[in-house]
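Chain naming here is simple, since letters A, B, ... match the order of the sequence lines and numbering starts at 1 in each.
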There are 2 protein chains.
Amino acid sequence: MKQPTILDVAARAGVSKSLVSLVMTDPSRVGEANRKAVLEAAKDLGYRPNAVARSLVQRRTGVIGIVLSDLHNPFFADVADGIEAAASERGYRAMLSSGFLDPKRERSAITTMLELRVDGLIIMGSMMKVGRIEGVATALPVTLVGRHTRSKRLDSVCTDDAAGAREAVAHLAELGHTRIAHIHAGSAAGSPRRRRGYEKEMIKRGLVDRIRVFRGDFTESGGAKAMIEILNSGDMPTAVFAPNDAAALGAMEVIDDAGLDIPGDISLIGYDDLTLSGLPRISLTTVGQPRTDLGREAAQLVLERLDEGREDARHVVVPPSLVIRSTTGPPPGDADAQPSEDPQ
Amino acid sequence: MKQPTILDVAARAGVSKSLVSLVMTDPSRVGEANRKAVLEAAKDLGYRPNAVARSLVQRRTGVIGIVLSDLHNPFFADVADGIEAAASERGYRAMLSSGFLDPKRERSAITTMLELRVDGLIIMGSMMKVGRIEGVATALPVTLVGRHTRSKRLDSVCTDDAAGAREAVAHLAELGHTRIAHIHAGSAAGSPRRRRGYEKEMIKRGLVDRIRVFRGDFTESGGAKAMIEILNSGDMPTAVFAPNDAAALGAMEVIDDAGLDIPGDISLIGYDDLTLSGLPRISLTTVGQPRTDLGREAAQLVLERLDEGREDARHVVVPPSLVIRSTTGPPPGDADAQPSEDPQ
DNA sequence: ATTGTAGAGTGGAACGTTCCAATACGCATG
DNA sequence: CATGCGTATTGGAACGTTCCACTCTACAAT
């Protein structure tokens, strides 16, 4: 099991370790004969450069760490794709770790990344306070995905959650809804803004006293639980705005199980536009975010600091877009149904 | 940005670097006064042990690498959860990398893991040939998830894919189906066995000449494409057995779009039992695998080699279980409908 | 007084690379 | 024939830890 080192290769090829190192990094700078000898020796021995030793002397690992809150949320998978693509174009590789929706485990995932000395860190859907994350940003470039901040110490990229939420509520209001409830995900990344957007739009439309907010989270089961509460609240809304698609799916399940019709009895709207949500069976109205672009942008921000020496914080906000499908419609008993916004 | 080292801490605390090292690993072996001084100095400086340097001297990283073929497949997320849980219980941490459904990129992901000197490797849903992976297993413990092999050099854990496939076909046959088509995913992990299970059961039931196999893959779009081909084949089956749930969802979408009813016109069955598949709107009949357990078992296999010195290969096969939901029913025009197997 | 022992702390080698300054060698130039 | 120069190669110092063998001190046992 003992792995061969550069010295073993050097000995076998009859050259110095420095020459082997040269061949491994830039073969063109080495004479024909020696190059061949080294490559052959390396192959014979099954030599693989030890990135640990290399990182130690170079004081860089070439790895961008990604910490995400939930491996199950396909939203992150797309963002991660974007990050990986951008990173590998620039000679970095991405390594991923999950926070399992638990601030403590997220913290420990981040610590691990720091100890491994990743060159940059991208944190998505964080459950932690921005303040704590800022502390980390003194050691390496950090980009937050999906969370708004004006921090001077780290970068961020997200969609305008408040605007997305307002669009969602506006869409419902224009369909004639007034009793619009919102499920929120506490202080998890993005959630506070979406909630505020919901509230603002409700206020703007004169629906202040119709504001109903229920606590859930960004998962299917969180959405389901909140929906059960809504159904039991004795104050049934005609529309529900979920904090994301995963939660919306959970809510949908509860509504279906209760024998209610979507959107006949209750309209439902999510956030994220997962591929899944576009399935005909689901056809969830939702607020879309350009996921892969979000990821590319996040990687770009890290790389700018790493390779171009940028020092000042940048915060990128991209606009969300409402995707109207078939889980939203006029409220029940609405005489003037079929307005132009009605899907299908 | 320059990070403090153990020497900085030692200087500030007025002790030797060795003492600092001791405090960091086992504070109880150090005198009260010095321990406090060291901890305070470390805190003041924001010292974080450099895992790269530590790994170099210890010749271990404490990291279990996970390489999976597709970040989007929630199946892997659950398995990864299991791995992470088992690993962290034993003091290891898990780090993840995606192969993006491309054997080349998978190879490069594995190379990266090897260069980073992870202590063990778990490969899920691999697109590579087992032979190539075996080469890797000489350097560290490797466990394959979801792929059958009798290799003497690496471990594996998977469900009995052939048995699962046969159960699926048997279920359809008992409902009265004879024209049962199968979408397969080429040589991707698990697919060949499922295909063979399908064929065997078809033969056993005297349906040899009804065997129809279409090429797809383990993704939604792969399933959709194959389904389009099936619909255009001019030989419409009454049931389709997809290689996994993701592909089944793609197929479902195509069937829905074609205006056909599931299971009225065509029955559909998947493999994996994603959480998603249990949603009332989807309610996909499928073959279930104990995902988290699969992950725990995989981690266990790696850890046995790492910490207990096991040398011989172990291959764990766990039984799959058919989950009957509402995408399967009697074939159209079947007079004696509603057999006892009918769901609901 | 001598010896032994335990506890606390230290210095230096090692881990496997990269990088830099230095060397060796050939060959053209004056 | 000395000089200079470019190319190919080398040895040694880093990188930041851990680990081991060792020293030092205090104190108990003989």
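- Residue A:Leu114 contributes atom CG, which lies 16 Å from atom C1' of D:dG16 at whole-angstrom precision.
- For the pair B:Gln58 and D:dC19, the criterion of a side-chain N or O lying under 4.0 Å from OP1 or OP2 is met.
- Rounded to a whole Å, the CD atom of B:Gln3 is 12 Å from the C1' atom of D:dG16.
- The CZ atom of B:Arg117 sits 9 Å away from the P atom of C:dG16 (whole-angstrom rounding).
- The CG-P distance, from B:Asn50 to C:dC15, rounds to 18 Å in whole Å.
- Of the candidate nucleotides C:dT17, D:dT18, D:dT10, D:dT10 has the atom nearest to the side chain of A:Ser16.
- Phosphate contact (OP1/OP2 of D:dG11, side-chain N/O of A:Ser18, threshold under 4.0 Å): absent.
- Salt-bridge formation is not detected for the pair A:Lys36/A:Glu40: no Lys NZ or Arg NE/NH1/NH2 atom is positioned less than 4.0 Å from an Asp or Glu carboxylate oxygen.
- Within the 4.5 Å cutoff, no side-chain heavy atoms of B:Leu294 are placed close to those of B:Thr292.
- To the nearest angstrom, P of D:dT7 lies 14 Å from CG of A:Asp26.
- Toward the 5′ end of DNA chain C lies the nearest nucleotide of B:Val15, the other residue of the pair A:Val52 and B:Val15 mapping further downstream.
- Salt-bridge annotation for A:Arg150 and A:Glu134: absent, with no side-chain N of the basic residue lying under 4.0 Å from a carboxylate O of the acidic one.
- Separating the CZ atom of A:Arg60 from the P atom of D:dG16 is a distance of 16 Å, rounded to the nearest angstrom.
- Per the geometry, CG belonging to A:Leu7 stands 13 Å off P belonging to C:dA14, to the nearest Å.
- Side-chain contact check for A:Arg310 versus A:Asp155: some heavy-atom pair is nearer than 4.5 Å.
- Considering only side-chain N and O atoms, B:Arg29 lies nowhere under 4.0 angstrom from the phosphate OP1 or OP2 of C:dG9.
- Taking side-chain N and O atoms only, B:Asn34 has no distance below 4.0 Å to OP1 or OP2 of C:dA8.
- Closest approach to the B:Leu56 side chain among C:dT18, D:dG16, D:dT18 is made by D:dG16 (side chain taken as heavy atoms from C-beta onward).
- To the nearest angstrom, P of C:dC20 lies 12 Å from CZ of A:Arg59.
- When distances run from any side-chain atom of B:Leu19 to the nucleotides D:dG16, C:dT18, C:dG9, the shortest one goes to C:dG9.
- For a distance-only test at 3.5 Å, the side chain of B:Lys17 fails to qualify as a donor-acceptor partner of the base of C:dG9.
- You'll find the side chain of A:Val145 stays beyond 4.5 Å of the side chain of A:Ile123, heavy atoms only.
- Residue order along DNA chain C, read from the 5' end via each residue's closest nucleotide, puts B:Val57 first among B:Val57 and A:Leu22.
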